[in-house]
Colleague: 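Pasting a structure below so you can have a look.
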Amino acid sequence: MSTSSSTSPSILGYARHKVNTREWLDALLCEKCNVPSLYEPQSRHLFDLVQNKDLFLRITTGHGKTLILMSPLIAAQARFEEGIGIMTAPTKALCDQEAACGTKYGLKSWAISQDTLDAARLQEPPIRLFDEVMQAKGIRLVVMSPQMLNSEGFRKDEKMPKFRKSIRWFLIDEAHLTSAYACLSRVGYSSIDLDAMLLINCWSSGKICPKLGLKKSR
């Protein structure tokens with residue numbers, strides 16, 4: 001995080017500002033991250049997401065991509081709302097890392113993989129993680145790989161009206177892997193059925209993807 005940005009929160013905290021304003025959001029996220037200010041790209045694009053705009057973002061590594069991804073969930077939690085954000089990341093390690101970030105920012109977060117599903121089933125009594133997500137209150141973040149996202153188990157839950165209605169955000173980390181011109185690790189990403197998702201809220205990548213064929217904004 002940078003301290004050189006002109007975006008700085010009031011010492012009285014985000015509650016001093018009108019809800020959903022840029023000042024409110026900047027102050028909220030600074031407080032959650034325990035930093036004096038945000039990077040300029042963060043401040044600029046965070047507000048786009050809170051206004052429910054779709055966003056494809058290319059941002060340099062280390063400039064707060066994860067915070068931008070999670071900002072609409074953090075803002076919704078501060079407004080005492082309900083809902084689920086689904087995030088997909090290419091590796092189990094990265095899923096664990098993103099879920100840990102969500103927890104650090106105060107979100108109820110799950111990294112769901114075959115390993116965590118199996119471990120939960122072996123507990124006494126057995127736990128079904130997707131049921132645990134649904135039974136939780138407030139804003140929830142579920143992080144999984146594209147393979148898990150397309151698994152029969154998740155698809156079964158995703159088709160349930162209550163679960164489907166609860167999904168408010170769909171977040172793709174390392175979105176350049178959806179491109180036909182990306183590396184071989186894109187195999188799981190290529191199978192994501194974007195048309196079946198309720199909302200594509202934010203795609204992010206640290207790499208340039210000139211051939212994705214995405215519109216600049218809408």
Colleague: Strictly distance-based, threshold 3.5 Å: is any side-chain N or O of Thr116 a donor or acceptor partner for the main-chain N or O of Ala111?
Modeller: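 A pair under 3.5 Å: yes.
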Colleague: Kindly determine whether Gln114 and Lys92 satisfy side-chain contact (heavy atoms from CB on, under 4.5 Å), including the steps that lead there.
Modeller: CA-CA 10 Å; Gln114 195 58 55; Lys92 180 179 180 295; over 6 Å; no
Colleague: List for me each residue that meets side-chain contact (heavy atoms from CB on, under 4.5 Å) alongside Thr21, sequence neighbours excluded, and say none if there are none.
Modeller: His17, Lys18, Glu23, Trp24
Colleague: Does the side chain of Glu98 come within less than 4.5 Å of Leu141's, by heavy atoms?
Modeller: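 No - every pair of side-chain heavy atoms lies 4.5 Å or more apart.
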Colleague: Going from CZ on Arg128 to CE on Met134, what distance comes out if it is rounded to the nearest 0.5 angstrom?
Modeller: 11.0 Å
Colleague: Using a 4.5 Å cut-off on heavy atoms from C-beta on, say whether the side chain of Trp110 contacts that of Ile84.
Modeller: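 With C-beta onward as the side chain, the pair stays apart.
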Colleague: Counting distance only, does the side-chain N/O of Thr103 pair as donor-acceptor with the main-chain N or O of Ala99 below 3.5 Å?
Modeller: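 Yes: the side chain of Thr103 pairs with the backbone of Ala99.
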Colleague: Answer yes or no: does atom CG of Asp118 have more than 12 heavy-atom neighbours from other residues, nucleotides or ligands under 6.0 Å?
Modeller: yes
Colleague: For Leu129 and Val142, what are the C-alpha separation, side-chain angles and deciding distance, and is it a side-chain contact (heavy atoms from CB on, under 4.5 Å)?
Modeller: CA-CA 10 Å; Leu129 291 183; Val142 178; over 6 Å; no
Colleague: Measure the spacing between OG of Ser109 and CE of Met70 and express it to the nearest 0.5 Å.
Modeller: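 These two atoms lie 6.0 Å from each other.
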Colleague: What ring-ring contact (aromatic ring centres under 6.0 Å, His included) pairs are there with at least one residue in residues 121-142, not counting sequence neighbours?
Modeller: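 Qualifying pairs, neighbours excluded: Phe130-Phe154.
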Colleague: Quick one: SG on Cys95 to CG on Asp115, what's the gap to the nearest 0.5 Å?
Modeller: 11.5 Å
Colleague: Contact between Ser71 and Leu29 at the side-chain level, heavy atoms closer than 4.5 Å - yes or no?
Modeller: yes
Colleague: Could you give the distance from CG (Leu38) to CD1 (Ile68), rounded to the nearest 0.5 Å?
Modeller: 9.0 Å
Colleague: Does any N or O in the side chain of Arg140 come within less than 3.5 Å of the main-chain N or O of Gly138, such that one atom is a donor and the other an acceptor?
Modeller: yes
Colleague: Are any side-chain N or O atoms of Gln77 and backbone N or O atoms of Gly106, one a donor and one an acceptor, separated by less than 3.5 Å?
Modeller: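 Checking the backbone N and O of Gly106 against the side chain of Gln77, a donor-acceptor pair under 3.5 Å is found.
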Colleague: Check the pair Met148, Leu117 against side-chain contact (heavy atoms from CB on, under 4.5 Å), reporting the backbone distance first and the verdict last.
Modeller: CA-CA 11 Å; Met148 183 58 63; Leu117 289 173; 3.9 Å; yes
Colleague: So which heavy atom on Pro90 is nearest to which on Pro146, and how close?
Modeller: CA-CD, 4.3 Å
Colleague: Output the distance between atom CG (Leu107) and atom NZ (Lys32), rounded to the nearest 0.5 Å.
Modeller: 7.5 Å
Colleague: Let me confirm one number: the CZ-CG distance from Arg22 to Asn20, rounded to the nearest 0.5 Å.
Modeller: 12.5 Å
Colleague: Can you give me the closest heavy-atom contact between Leu28 and Ala75, atom names plus distance?
Modeller: CD2-CA, 3.8 Å
Colleague: Mark yes or no for whether Ser166, through its side chain, and Gly83, through its backbone, hold a donor-acceptor pair below 3.5 Å.
Modeller: no
